[in-house]
Student: 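Let me begin by handing over the structure; questions about it come next.
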Protein chains: 2
Amino acid sequence: MGSIVDELEAVLGPSQLDVSEVSLRRYAVDQAPVIDFQLPVAVVFPETVAEVQAVVKACADSGVAIVPRGAGTGVSGGAHATRNCIVLSLERMDRILALNPDDETAVVEPGVVNAALNEAAAEHGLMYAPDPASFRSSTIGGNVATNAGGLRCAKYGVTRDSVLALDVVLADGSLIHTGHQTFKGVAGYDLTGLFVGSEGTLGIVVGITVRLKYLPREVHTVAAFYPDFRTAAAGVLAVGKARVQPAIMELLDGGTLTQLDDIHGSDLSARGRSLLLVQTDGFGAAAEADVVRHVLREGGATVTTEASAEAERLVELRRHSRGTEVDDEYRVGEDVAVPRSRLVDYVAALEAVGAAQQVHLKVVAHAGDGNLHPTFWIDRQGPAIDAGAMDRLQAALDESITAALAMGGTITGEHGVGQYKLRWLGQEQPEQVRQLQRRIKDLFDPEGILNPGKAI
Amino acid sequence: MGSIVDELEAVLGPSQLDVSEVSLRRYAVDQAPVIDFQLPVAVVFPETVAEVQAVVKACADSGVAIVPRGAGTGVSGGAHATRNCIVLSLERMDRILALNPDDETAVVEPGVVNAALNEAAAEHGLMYAPDPASFRSSTIGGNVATNAGGLRCAKYGVTRDSVLALDVVLADGSLIHTGHQTFKGVAGYDLTGLFVGSEGTLGIVVGITVRLKYLPREVHTVAAFYPDFRTAAAGVLAVGKARVQPAIMELLDGGTLTQLDDIHGSDLSARGRSLLLVQTDGFGAAAEADVVRHVLREGGATVTTEASAEAERLVELRRHSRGTEVDDEYRVGEDVAVPRSRLVDYVAALEAVGAAQQVHLKVVAHAGDGNLHPTFWIDRQGPAIDAGAMDRLQAALDESITAALAMGGTITGEHGVGQYKLRWLGQEQPEQVRQLQRRIKDLFDPEGILNPGKAI
């Protein structure tokens, strides 16, 4: 038997197999902190389902691991290369195979970029609802792998809620179709839901049927500045108490405002130490925005009174706030979620952790669904690493996770466990539940070649 | 080893174990047609999780099957007794354990009736969205078992979309907790989704954490009468094209209108041969209803112009149209779903099937999500069964299923496969996909004691 590279050469064209050092390095990691850097043996770029099947069969025969990859924008290390693996990039499978305006569905290959699907859908007054911050570059396949969330999930749901059916290449190279082309369907077990969020550990998603939602004709945006973060978090609960469901409810703390000012030359931090951005949409958007403004003012906010142009600009700033920074060993972004009633408590806990460990903290939150992205970081001090500071950073991360779990929260609201968050999974899920998942993994992938060491 | 009844007597109080003939008969079936009548050995009524665990352990030790049961309102035979089984009724576990208005969640025991949860939630301006026609009597546990739908799913989602976490007793009597208390959460595989809709074949759900939605303050209802069913179905697509998302969009054919007239003394069938009921809700309800009225009139409907009181009464009639009839060997209701663009074609196909097989047909549809409930029936003609008519009824059922699948549909949109629809499952799912599900079943229930012969 030849090497895996020989095997792959036999089933792929020359432009579909890359073993150059520069490519291996580029495809070795996603945007998460790296804890065990490994170079893949090769990177492959299949262009058809049959090619994916051939690659999987070759790897199965050779016992080589496969790390599937979309755009590599994940922040949990789900696409980090592992020992003796190939990276299977799905970026060239980027066709929208069908867009059915009357069915309000689309069928896409996994490499279709989220924004590209939204552009195509918009021509028909439709949208693909899940909108992770990476939507301009991340792929639907990657979104499916992590069950990605985004800004408008509280109203429109997460990726799982928009996926109707999947085509999946299993660990033996066979192809199955799960789910249904209809909005509703309950025949048999929910295999579709099992694959969504499984980070490529159960199969490789090569086709996705999604439900589209209606592109709202009207959108109103409210920007509310607060003197401190906790009062702003209380504003989130007040909007909920008014029983208004915004499409977007983003909470930014003082550290985030300062950073935005630094990048964009804005004066946000002079206007408040925290900002709550609320966007309502649909036929009731104006009436809902009125209620939101009233409720937030009552809670001590300074609310934009003018038309929402400035507020909309702020939402765009927030949307694009990622990409300016990539996590590394000095800076780690988290993705906890807590029950909404604990938002204020959790924000207080985060501030206490940051202060006690003397590490920097900034927080943005998809506050409508209690999903917070705190980032803890320490200063880089030249080539010498300050071991004490690194220890304090890790302690802050651990403590913030423990605090979230103590409040009934989760270690990951939308980014996935990947490789980086495995250390905390045992705190959230008892051994019996983890064991069940390992047995499901063994059932789908008995040889353990699909993205080993991830997700569970 | 004693009999299973002795074993159960040891772990339950005397009022929790019933072996009387009348009870065995009553709990032997749900509301589906019966194809293999079996009496259970006993009916048990556990009141605590520990009692459910004890019952499961006793049955596991004795190799006796367990048929879990909520209110017995299912229409696919998921709760039909099977050979050498006990029926485990969860009706006494009917406490709302927590209702958290700020978190917008509730934690309930499985026997809580859907309407009871909604009443409790309404006090806080909240609702539990899934609303099967049986909502006044069906339980949340039963709704979870079948991944129940209802009238307002197109806007608010099905049961799966409202379930955040589950407590499940496994086949060995152990108890696990799946999911998260937060709106979002992607840690590990989606075990919660795997249990939802699995009809008690993977475990017995003993606790459910649900997300609540906001009770709309404003509701507008439009009733649109049409000269025929196909034009009414086209109206559904027209509302979609206008990119308005109603909470409810119910389509009733002439047969259904006649039946409602017979029961309620109304004059619906004199006003049209088909009725489309559209309900919009929320802050934009009035504006949305205006668009709906306009679009439907353009499509040839006679639309209620007055305030929506009459239309609302019609929605209530539609909601309560079940319960007046139970399926049996002469009358079988189906639950197909098709992609929305095929609604008109499928309605035509149904009419052709009914005419060709000379069987009666009436159809109601949750048209917003392409989910149709055709009922085919033949006349009862005294004690002698007309074998030819029975054959034609079965042929009509088979042909209607085949037609739905040919249009990209599913054999069950919201009722579940249960026992009755197993004969069609192989037409929808190829052997490899069914095999995967059987292996998952084996993993969770190696001895096959949990609701055998159902769902997959």
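So you know, we letter chains A, B, ... as the sequences are listed, proteins then strands, and number each from 1. Only heavy atoms go into these numbers, but all of them, side chains included; no hydrogens, no water, no symmetry mates.
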Student: I'd like to know which of B/L202, B/T280, B/L215 tops the heavy-atom pair count under 4.5 Å against chain A.
Tutor: B/L202
Student: Between B/R434 and chain A, which part of the residue has a heavy atom less than 4.5 Å away: side chain, backbone, both or neither?
Tutor: neither
Student: Just give me the residue among B/A455, B/P430, B/A286, B/S174 that pairs up with chain A most often, heavy atom to heavy atom, under 4.5 Å.
Tutor: B/S174
Student: Heavy-atom distances under 4.5 Å only: say whether A/E288 touches chain B with side chain, backbone, both or neither.
Tutor: both
Student: Pick one of side chain, backbone, both or neither for B/L170, based on which atoms fall under 4.5 Å of a heavy atom in chain A.
Tutor: side chain
Student: Which bit of B/K421 is near chain A, if near means a heavy-atom gap under 4.5 Å: side chain, backbone, both or neither?
Tutor: neither
Student: Please look at B/H177 and chain A and tell me whether the side chain, the backbone, both or neither of the residue comes under 4.5 angstrom of a heavy atom of that chain.
Tutor: backbone
Student: Is A/L212 in contact with chain B via its backbone, its side chain, both, or neither, using a 4.5 Å heavy-atom distance?
Tutor: neither
Student: Which answer fits A/T192, side chain, backbone, both or neither, if we ask what part of it has an atom under 4.5 Å from a heavy atom of chain B?
Tutor: neither
Student: So how far is it from B/H180 NE2 to A/I411 CD1, rounded to the nearest 0.5 Å?
Tutor: 12.0 Å
Student: Of the backbone (N, CA, C, O) and the side chain (C-beta and beyond), which part of B/I440 lies under 4.5 Å from a heavy atom of chain A, both, or neither?
Tutor: both
Student: Counting only heavy atoms closer than 4.5 Å, note whether B/L405 contacts chain A via side chain, backbone, both or neither.
Tutor: neither
Student: Of all of A/R160, A/K213, A/K441, which one pairs up most often with chain B through heavy atoms under 4.5 Å apart?
Tutor: A/K441
Student: Over all heavy atoms of both residues, which pair between B/A187 and A/V417 is shortest? Give the atoms and the distance, please.
Tutor: CA-CG2, 3.8 Å
Student: How many angstroms lie between atom CZ of B/R439 and atom CZ of A/R439, to the nearest 0.5 angstrom?
Tutor: 12.5 Å
Student: Contact part of B/L443 toward chain A, heavy-atom cut-off under 4.5 Å: side chain, backbone, both or neither?
Tutor: both
Student: What option among B/N100, B/T201, B/V336 has the most heavy-atom pairs under 4.5 Å with chain A?
Tutor: B/T201
Student: With a 4.5 Å cut-off on heavy-atom pairs, point out which of B/G197, B/G125, B/G157 contacts chain A the most.
Tutor: B/G125
Student: Minimum heavy-atom separation for A/R340 and B/D103, please, with both atom names.
Tutor: N-OD1, 3.4 Å
Student: What are the two closest non-hydrogen atoms of B/Y189 and A/S198, and how far apart are they?
Tutor: CE2-CB, 3.7 Å
Student: So which part of A/V291 gets closer than 4.5 Å to some heavy atom of chain B, the side chain, the backbone, both or neither?
Tutor: side chain
Student: Considering all heavy atoms of both residues, which atom of B/R243 and which atom of A/F283 are nearest to each other, and what is their separation?
Tutor: O-CE1, 4.1 Å
Student: Please report the C-alpha distance between A/L191 and B/V433 in whole Å, then the side-chain angles of each, then the deciding distance to 0.1 Å, and finally whether the side-chain contact (heavy atoms from CB on, under 4.5 Å) criterion is met.
Tutor: CA-CA 9 Å; A/L191 296 180; B/V433 170; 3.9 Å; yes
Student: For B/Q432, is it the side chain, the backbone, both, or neither that has a heavy atom closer than 4.5 Å to a heavy atom of chain A?
Tutor: side chain
Student: Please flag which part of B/E104 lies under 4.5 Å from any non-hydrogen atom of chain A: side chain, backbone, both or neither.
Tutor: side chain
Student: Chain A heavy atoms under 4.5 Å from B/E414: which part of the residue, side chain, backbone, both or neither?
Tutor: both
Student: Counting heavy-atom pairs closer than 4.5 Å to chain B, which one of A/D335, A/L343, A/V338, A/L425 comes out on top?
Tutor: A/V338
Student: Measure B/T105 against the heavy atoms of chain A and call it side chain, backbone, both or neither at under 4.5 Å.
Tutor: neither
Student: Is B/I176 close to A/L436 at the side-chain level, that is, under 4.5 Å between some pair of heavy atoms?
Tutor: yes
Student: So which part of A/K454 gets closer than 4.5 Å to some heavy atom of chain B, the side chain, the backbone, both or neither?
Tutor: neither
Student: Pick from A/A154, A/G370, A/G282: which one has the most heavy-atom pairs with chain B under 4.5 Å?
Tutor: A/A154
Student: Flag the one option from A/R211, A/E428, A/R342 with the top tally of heavy-atom pairs under 4.5 Å to chain B.
Tutor: A/R211
Student: Indicate yes or no: at least one non-hydrogen side-chain atom of A/V158 is less than 4.5 angstrom from one of B/K184.
Tutor: yes
Student: Please give me the minimum heavy-atom distance between A/G413 and B/V186, naming the atom from each residue.
Tutor: O-CG1, 3.7 Å
Student: Looking at B/T410, B/T178, B/D369, which makes the most heavy-atom pairs under 4.5 Å with chain A?
Tutor: B/D369
Student: Of the listed residues (B/V196, B/L164, B/V244), which shares the most heavy-atom pairs with chain A below a 4.5 Å separation?
Tutor: B/V244
Student: Which heavy atom in A/S341 sits nearest to a heavy atom in B/D102, and how many Å separate them?
Tutor: CB-CB, 3.6 Å
Student: Evaluate B/N371 against A/T182 for side-chain contact (heavy atoms from CB on, under 4.5 Å), listing each step before the verdict.
Tutor: CA-CA 8 Å; B/N371 184 195; A/T182 50; over 6 Å; no
Student: Chain A heavy atoms under 4.5 Å from B/F444: which part of the residue, side chain, backbone, both or neither?
Tutor: side chain
Student: Side chain from CB out, backbone as N, CA, C, O: work out which of these in B/Q245 comes under 4.5 Å of a heavy atom of chain A, or both, or neither.
Tutor: both
Student: Given that the side chain runs from C-beta out, which part of B/P101 has a heavy atom under 4.5 Å from chain A: side chain, backbone, both or neither?
Tutor: both
